[in-house]
Amino acid sequence: VEYVAGIVGYAEAFRGSDVHVEGTLIISASGTVTYVGGMFGEIKYSRLTDSSARMIINADIEYGRIVGGVAGKAENVEFEDITAQGIISGKSSVGGFAGETRDGTSLMRVSVSGSVSGHERVGGIGGDIEDSRVTLSTAVGTAGGSKEVGGVAGVADRVMLSSVLATTSVTADEERA
């Protein structure tokens, strides 16, 4: 199962403002589930402003990969003034905002609150943030996993953080393996 979302499974060159989604995604599969997001499963070369997602996402703790409250994966996307609230769960690369961000993705004035859980690469904002910027943003809530777990990101590689606040309770234990 791939590209599952509350609005668009796969989006490229998308432009949006004042877009809002609220709901539940429960994915159950006997194999890998990838690219699951409250708004977008995967989004590339796009811009989204003044929008929000309030979601409960259960992407199967055994198989769910690249899961996020707004986007499963974001590549070269500008997000500005976005609010994400919810309960997000998967196995790896699980984030309150995005499971993965890549290639110059920018998060400006992003507010994330809720609970994020998985096995590895679990973060309040992003599970795996790479080649990206996070500015004037907050993460509030809980993040839990068994390795690579953080209040902002589970993994961060070539990332610029500026004026970012995380008031996140982080828990790492073997039980989530």
Side-chain angles (χ1 to χ4, degrees), residues 5-8 11 14-22 35-57 66-90 92-118 120-145 148-172:
I7 296 179
V8 179
F14 179 93
R15 298 290 180 261
S17 182
D18 200 26
V19 178
H20 306 279
V21 63
E22 185 171 340
Y35 308 115
V36 179
M39 292 183 153
F40 306 97
E42 182 173 5
I43 182 170
K44 295 180 172 184
Y45 315 108
S46 300
R47 179 172 167 76
L48 181 68
T49 62
D50 304 307
S51 299
S52 68
R54 292 181 57 151
M55 299 296 293
I56 296 172
I57 300 175
I66 312 174
V67 182
V70 172
K73 182 176 182 179
E75 183 178 318
N76 198 357
V77 179
E78 293 179 26
F79 292 103
E80 191 172 325
D81 297 311
I82 310 293
T83 300
Q85 298 175 317
I87 301 168
I88 315 299
S89 64
S92 64
S93 294
V94 184
F97 190 89
E100 292 183 352
T101 67
R102 298 283 188 270
D103 301 332
T105 292
S106 171
L107 283 64
M108 170 76 81
R109 289 186 300 279
V110 165
S111 173
V112 181
S113 63
S115 170
V116 183
S117 62
E120 62 187 354
R121 296 180 179 234
V122 178
I125 292 178
D128 185 349
I129 301 175
E130 184 178 308
D131 291 323
S132 302
R133 294 181 313 275
V134 182
T135 309
L136 298 168
S137 297
T138 61
V140 177
T142 62
E148 299 168 329
V149 183
V152 172
V155 172
D157 185 15
R158 296 179 306 278
V159 173
M160 185 188 91
L161 299 179
S162 178
S163 299
V164 175
L165 173 65
T167 54
T168 309
S169 173
V170 177
T171 305

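- Atom-to-atom distance recorded for Ser92:OG and Ile66:CD1 is 7.0 Å, nearest 0.5 angstrom.
- For the side chain to side chain donor-acceptor pair (under 3.5 Å) with Arg102, the lone residue among Asn76, Asp128, Asp131, Asp157 that qualifies is Asp128.
- Residues Met108 and Glu78 fail the side-chain proximity criterion, which asks for heavy atoms closer than 4.5 Å.
- A 4.5 Å side-chain heavy-atom check between Ile7 and Val19 finds at least one atom pair inside the cut-off.
- Contact of the Arg133 side chain with the Ser162 side chain is not registered, since no non-hydrogen atoms from C-beta on lie closer than 4.5 Å.
- For Phe97 and Phe79, the ring centers are positioned less than 6.0 Å apart.
- Using a 4.5 Å heavy-atom threshold, the side chains of Met55 and Val21 count as touching.
- Contact record, Gly124 with Ala143: N-CB, 4.4 Å, taken as the closest heavy-atom pair.
- The only member of Thr168, Val152, Ile125 that meets side-chain contact (heavy atoms from CB on, under 4.5 Å) when paired with Val112 is Ile125.
- Under the 4.5 Å side-chain criterion, counting only non-hydrogen atoms from C-beta, Ile57 is not in contact with Ile87.
- Ion pairing between a basic and an acidic side chain is recognised when a charged N comes within 4.0 Å of a carboxylate O; Arg121 and Glu100 show no such pairing.
- Between the side chain of Ser137 and the backbone N or O of Thr135, at least one donor-acceptor pair lies under 3.5 Å.
- For Ser132, the side-chain hydrogen bond (donor to acceptor under 3.5 Å, both in side chains) criterion is met by Thr101, not counting sequence neighbours.
- One distance of note links CG of Asp50 with CZ of Arg109; it measures 8.5 Å at 0.5 Å rounding.
- To the nearest 0.5 Å, atom NZ of residue Lys73 and atom CD of residue Glu42 are 5.0 Å apart.
- Using a 4.5 Å heavy-atom cutoff, the side chains of Leu48 and Val77 are not in contact.
- Rounding to the nearest 0.5 Å places OG of Ser46 at 10.0 Å from CD of Glu75.
- Put simply, the side chain of Thr105 gets close to the backbone of Ala74: a donor and an acceptor are under 3.5 Å apart.
- The only member of Ile82, Thr83, Val70 that meets side-chain contact (heavy atoms from CB on, under 4.5 Å) when paired with Ser52 is Thr83.
- Taking OG of Ser93 as the reference point, atom CD of Glu148 lies at 8.5 Å (rounded to 0.5 Å).
- Nearest heavy-atom pair across Ala84 and Gly96 is CB-O, 3.9 Å.
- Closest heavy-atom contact between Gly41 and Ala5: N-CB, 3.3 Å.
- Evaluation of the ring-ring contact (aromatic ring centres under 6.0 Å, His included) test over residues 120-145, restricted to residues two or more places apart or in two chains, returns none.
- The two residues Ser51 and Ser17 come nearest to each other via the heavy atoms OG-C, 4.1 Å.
- Shown are Val67, Thr142, Val94; of these, the side-chain contact (heavy atoms from CB on, under 4.5 Å) with Val116 is made only by Val94.
- We find the CG-OG distance between Leu136 and Ser163 to be 5.0 Å, quoted to the nearest 0.5 Å.
- Proximity of the aromatic rings of Tyr45 and Phe14 is defined here by a centroid distance below 6.0 angstrom, and this criterion is not met.
- At a threshold of 4.5 Å between non-hydrogen side-chain atoms, the residues Val164 and Val134 count as touching.
- Put simply, the side chain of Arg47 reaches to within 4.5 Å of the side chain of Glu80, judged on heavy atoms.
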